[in-house]
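Data block below; observations after.
All of these numbers come straight from a predicted model, not from anything done at the bench. The analysis underlying the following values was restricted to heavy atoms, covering all of them including side chains, and did not include hydrogens, waters or symmetry mates. So you know, we letter chains A, B, ... as the sequences are listed, proteins then strands, and number each from 1.
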Protein chains: 2
Amino acid sequence: MNKTEIQEIIKSHFPTLNKDSVIILSKYASFLNLKKRTELISERKRHHNFYLILKGSAKAYYTKESKEVCSWFAFENEIVATIRAFNGLPSNETIVLLEDSKLLQFKTESIKELANTNIDVSHLLNYIITEHAVFLEEKLYQLQFMSSEERYKALINVAPEILQKVSLTDIASYLGVSRETLSRIRRNK
Amino acid sequence: MNKTEIQEIIKSHFPTLNKDSVIILSKYASFLNLKKRTELISERKRHHNFYLILKGSAKAYYTKESKEVCSWFAFENEIVATIRAFNGLPSNETIVLLEDSKLLQFKTESIKELANTNIDVSHLLNYIITEHAVFLEEKLYQLQFMSSEERYKALINVAPEILQKVSLTDIASYLGVSRETLSRIRRNK
DNA sequence: GAAATCATTTGACAATTGTCACAAAATCAC
DNA sequence: GTGATTTTGTGACAATTGTCAAATGATTTC
């Protein structure tokens, strides 16, 4: 994939950017074709890139005492990053590809530097982090107000493809219930 | 409180701002002295301001079928806003003062316009929303991995003043348990 | 300061969910 | 394809938490 194609992708995914910003951004972006189960970001390590999924999917999870809990899933056209890694700290989440995927990789440091002088890029980062915060608030809201059955139905309603791509074990932990409980929810229709 | 004093406050709370940005920001800020129980932001309404608490405290809560669930508390030196209100949408949270408070009020629209041309301010907004996202992630992590007793202990460990300022009913909903359960947690030492 | 209101605690009980053990089904590796 | 591994489903039981009702304690209001 050449630079012009990368610029086209950036332009179509981030329509608020002006031409110059697209060109500058593309200098710090590269196309990747990676296999299922590749770890994009690993717990306790520092990372220097974030990603845009062009094709494929990924999951993020926390680990505690060998128990894995999924925090989110990402599909086509979504950004893959962790707040800590993005801010130069060791990540506390691991992100792994759920299938063979095509990605655009961005150099975090370069993009952040860019944001120091380019207000277009600063706004883009602002937008991305706001989207993530909105997602987190919605998730907390659902945990507080909805039963596990309602949360399950809401999830497969907004993202039915999740059932094809994600194991029920991961969906259960994402919803905040045990595998067995999810299994029973699914049995009751 | 005059403009110079307001500028001093802004400077000390947001040390990344350069002098010019402080002066511009201060034009859209005003000092407020408000009574306990004043609603800074109300559910289903659009709002045009956000706040910095100079003295006092506030709580944010969601309502569903007359059930209130606290989403956060804010004390001195903290920002008070909701993501939806900040983006011009009707808020789905209500924010109310827990005690008589001194606040700095900022005009959201003006500050956002400022962020369009002033990269200093754009970074400041970026920082604020990132802090909030980090808070939300930590809260989700605790809900997934910690028992209600551990969450209670963690809360009074990082913010012991909360017991003086917030009702146990509100703390219980914040922790995601019923007030009866919190009462029993507290009884067991 | 007395009455009224609100917040907290408690007990009894029910509902939900987690845990464990194991079976069945699906997927993977060779 | 076949055996091995992983994932999913199930039942029995225990633990946690929610709900309801009532009592106590604290605070507010006039």
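B:L163 has its CG atom 16 Å from the P atom of C:dA7, to the nearest Å. Remark: P of D:dT8 and CZ of A:R186 are 8 Å apart, rounded to the nearest angstrom. Between the C1' atom of D:dT28 and the CD atom of B:E99 lies a distance of 18 Å, rounded to the nearest Å. Spacing between atom CD of B:Q164 and atom P of D:dA26 amounts to 15 Å, rounded to whole angstrom units. The distance between atom CG of B:L168 and atom C1' of C:dT10, rounded to the nearest whole Å, is 15 Å. Residue A:Y152 contributes atom OH, which lies 13 Å from atom C1' of D:dG9 at whole-angstrom precision. Remark: P of C:dT8 and CG of B:N188 are 18 Å apart, rounded to the nearest angstrom.
Between D:dG9 and A:R187, no contact under 4.0 Å exists linking OP1 or OP2 to a side-chain N or O. Applying the 4.0 Å criterion to OP1 and OP2 of C:dC6, one finds that B:T169 has every side-chain N and O outside that range.
Of the candidate nucleotides C:dT9, C:dG11, D:dG9, C:dT9 has the atom nearest to the side chain of B:S183.
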Practice problem: In sequence, state the C-alpha distance, the side-chain angles, and the governing distance for B:E68 and B:T63, and then conclude on side chain to side chain donor-acceptor pair (under 3.5 Å). | Solution: CA-CA 5 Å; B:E68 276 183 19; B:T63 317; 5.4 Å; no
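No hydrogens or angles considered: nothing links the side chains of A:S173 and A:D170 as a donor-acceptor pair under 3.5 Å. Counting only N and O atoms by type, the side chains of B:E39 and B:S42 include a donor and acceptor under 3.5 Å apart.
Taking a cutoff of 4.0 Å between a charged side-chain nitrogen and a carboxylate oxygen, B:K153 and B:E150 do not qualify as a salt bridge. A salt bridge links B:K35 with B:D100; the closest basic N to acidic carboxylate O contact falls under 4.0 Å.
In this structure, B:K55 places its NZ atom where only 12 or fewer heavy-atom neighbours from other residues, nucleotides or ligands lie under 6.0 Å away. The neighbour count for A:K102 NZ, taken as heavy atoms of other residues, nucleotides or ligands under 6.0 Å away, does not exceed 12.
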Practice problem: Using a 4.0 Å heavy-atom cut-off, write out nucleotides 14-30 of chain C from 5' to 3' as B (base contacted by protein), S (sugar-phosphate only) or - (no contact). | Solution: ---SSBB----------
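Among the protein residues, B:S167 comes within range of the sugar-phosphate backbone only, with heavy atoms under 4.0 Å from sugar or phosphate atoms but none that close to a base.
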